[in-house]
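What follows is a short report on a single structure.
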Amino acid sequence: MLTTEEGPSTRADAPDAPDPTPPKATPTPTPTPPQRAPGRLLALVALLSAALMALHAHLPNTALNLGSLFQTLLPWTGLAVPALLALAAVRRSKLAAVAVLAPALVWATLFGPTLIDKDIDKDKGTGATGPTLTVLSHNVDEANPDPAGTARALAGAKADVLALVELSEESAPVYERELAAAYPHHAVLGGVGLWSRHRLTAVAEVEIMPWTRAMRGTAVTPDGPVAVYAAHLASVRVSGAGFTTARRNEAARALASAVRVEPAPRVVVLGDFNGTYQDRALAPVTSQLRSAQREAGHGFGFTYPAGFPVVRIDDVLVKGMDPRASWTLPATGSDHRPVAATLRF
C-alpha cells in the first residue's frame, strides 16, 4: 500500500480576511461659531455722541459750517440713544449698554427742561398776573395758495400784535383787507409787515439785506410803548458745499446792531430767523434777547416744515418783558407754522 507522509506545507499563507466592521470615521471638527463682535466699538460711538452733544458750542464752523448744522439739528441727536441701546442689546454687550447712559444723560441735561410745560399763565393773556401783550409771528409763504384763509386763522388767534414775513405784492393787499377789522393799525415795508390793535409809531426799515427784509415799529399800548421788530433773515441751504449760511449770518449781525442801539426798554423781535436758538452763528442776536419758547413754552415748538416740523426757525425773542406763555399754532396754507407768546410788562 502506498502511503504518503505529510510534510510541511509549501502553500503560501492566505492573507487575513477583511474585518467586517467598518473603520471608525475620524470626527470632523465642528466649526466654532463666529464670536459676537465686542461692544467696545459701540461704547466708543456712545461716548463720542455724548462728547459731541456736550461740546456742540465748540464744534468748528471752518469745514462746511457743520457746527451750525449740528446745532440746528441738536434736539434730534437724542435718537442716537435708543438706536445704540438696541444695538447693545443685539450684541449682548453690557459695556455698550452702560456707555449709552452717557449720551442719554447729556441729552436729558440739554433738553429735559424743554419737555416740561413752563406755561406760567395757562389762560394765555387774560391778565391774571398783570398787564400782558400777546404777539404772533408767521412766515406766510409767498406761494401760500390761500392767503385769505391764513389771515382769518391769524385773526382768530386774537393776538395784540402780528408780525408777518414773506409777503408778496399780490398777497399783501389780501392780508390788509382780511385783518383790517381786528387790527386797525398796520404797516408793510417790502416783504414784511406789522399789524397791531394799538397805535404804531416810528415805523422804519431795518437794513439787514440789500432789499427790505426787516422793519421796526413802536406799539403804543396802554401799559407803555414796546419796540416790535419783524425780521426775515436770509435763507440757508444744505448742499455739496455744506451748510451755506453766509448771507444769513451777515443779516443776523446787522439785526443785532439795530437791536443793540434800540433805545426802548421793552423790545420784541419776531420773525423767521432761518436758524435755531442753539445755532451760535445767531449769537449776535440771541445773546441780547431771550427766547419766549425756552422760558415759557412746552416742548420744542418746531415750526418748519409745516407738514412735519423738525426745526424751530421761527421765534419770539424779547428783552425787558417776561414771557408767560409760548405756543405753536396749527398749520395754515404756509410751509411754516405760526408762533405766539404772551409777555408780561
Side-chain angles (χ1 to χ4, degrees), residues 121 123-127 131-142 144-206 212-232 264 266-272 292 303 314-318 321 323-334 336-345:
D121 296 334
D123 47 6
K124 292 184 176 67
T126 61
T132 60
L133 183 75
T134 298
V135 297
L136 185 152
S137 175
H138 192 26
N139 179 326
V140 296
D141 184 5
E142 286 183 344
N144 189 330
D146 185 18
T150 297
R152 289 191 293 269
L154 299 179
K158 301 186 184 304
D160 299 306
V161 176
L162 307 180
L164 306 185
V165 303
E166 209 167 294
L167 296 165
S168 66
E169 292 183 0
E170 296 75 22
S171 67
V174 177
Y175 289 100
E176 290 174 328
R177 182 181 68 249
E178 296 293 334
L179 296 172
Y183 298 94
H185 311 280
H186 83 279
V188 174
L189 297 177
V192 293
L194 289 172
W195 276 260
S196 176
R197 299 185 188 276
H198 310 292
R199 185 165 56 93
L200 288 173
T201 64
V203 173
E205 176 188 355
V206 178
T212 305
R213 298 266 288 201
M215 64 181 295
R216 62 90 63 207
T218 299
V220 183
T221 79
D223 302 293
V226 179
V228 182
Y229 286 71
H232 186 193
R266 290 180 287 269
V267 180
V268 180
V269 181
L270 308 161
D272 174 5
T303 64
D314 307 88
D315 217 335
V316 177
L317 307 179
V318 303
M321 303 186 78
R324 308 296 293 181
S326 177
W327 63 101
T328 303
L329 283 72
T332 66
S334 171
H336 293 242
R337 292 195 179 189
V339 296
T342 295
L343 314 172
R344 187 178 65 182
F345 283 85

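FYI, the numbering just counts along the sequence from 1.
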If a pair satisfies ring pair (Phe, Tyr, Trp, His ring centres under 6.0 Å) and one of its residues is in residues 166-185, list it, with sequence neighbours excluded. none
Kindly write out the residues that satisfy ring pair (Phe, Tyr, Trp, His ring centres under 6.0 Å) with His232, not counting sequence neighbours, or none if the list is empty. none
For a side chain to side chain contact (heavy atoms under 4.5 Å, CB included) with Tyr229, tell me which candidate from Val268, Leu194, Val267 qualifies. Val267
Among all residues two or more places apart in sequence or in another chain, which pass the salt bridge (charged side-chain N to carboxylate O under 4.0 Å, His left out) test with Asp314? none
Would you check if the side chain of Arg197 reaches a backbone N or O of Ala159 as a donor-acceptor pair within less than 3.5 Å? yes
Gly333 to Asp141 - nearest heavy-atom pair and separation: O-OD2, 4.3 Å
Starting at OG1 of Thr221, measure out to CG of Asp160 and round the result to the nearest 0.5 Å. 8.5 Å
Test side chain to side chain donor-acceptor pair (under 3.5 Å) on Glu205 and Thr212 and set out the steps. CA-CA 7 Å; Glu205 176 188 355; Thr212 305; 3.3 Å; yes
Glu178 meets the salt bridge (charged side-chain N to carboxylate O under 4.0 Å, His left out) criterion, sequence neighbours left out, with Arg152
Pairs involving residues 165-174, ordered by first then second residue, that meet salt bridge (charged side-chain N to carboxylate O under 4.0 Å, His left out) (sequence neighbours left out): none
Closest non-hydrogen atom pair between Thr201 and Arg216, with its separation: O-NH1, 4.2 Å
Here the salt bridge (charged side-chain N to carboxylate O under 4.0 Å, His left out) pairs for residues 181-195, sequence neighbours left out, are none
d(Leu133 CG, His198 NE2) to nearest 0.5 Å is 5.5 Å
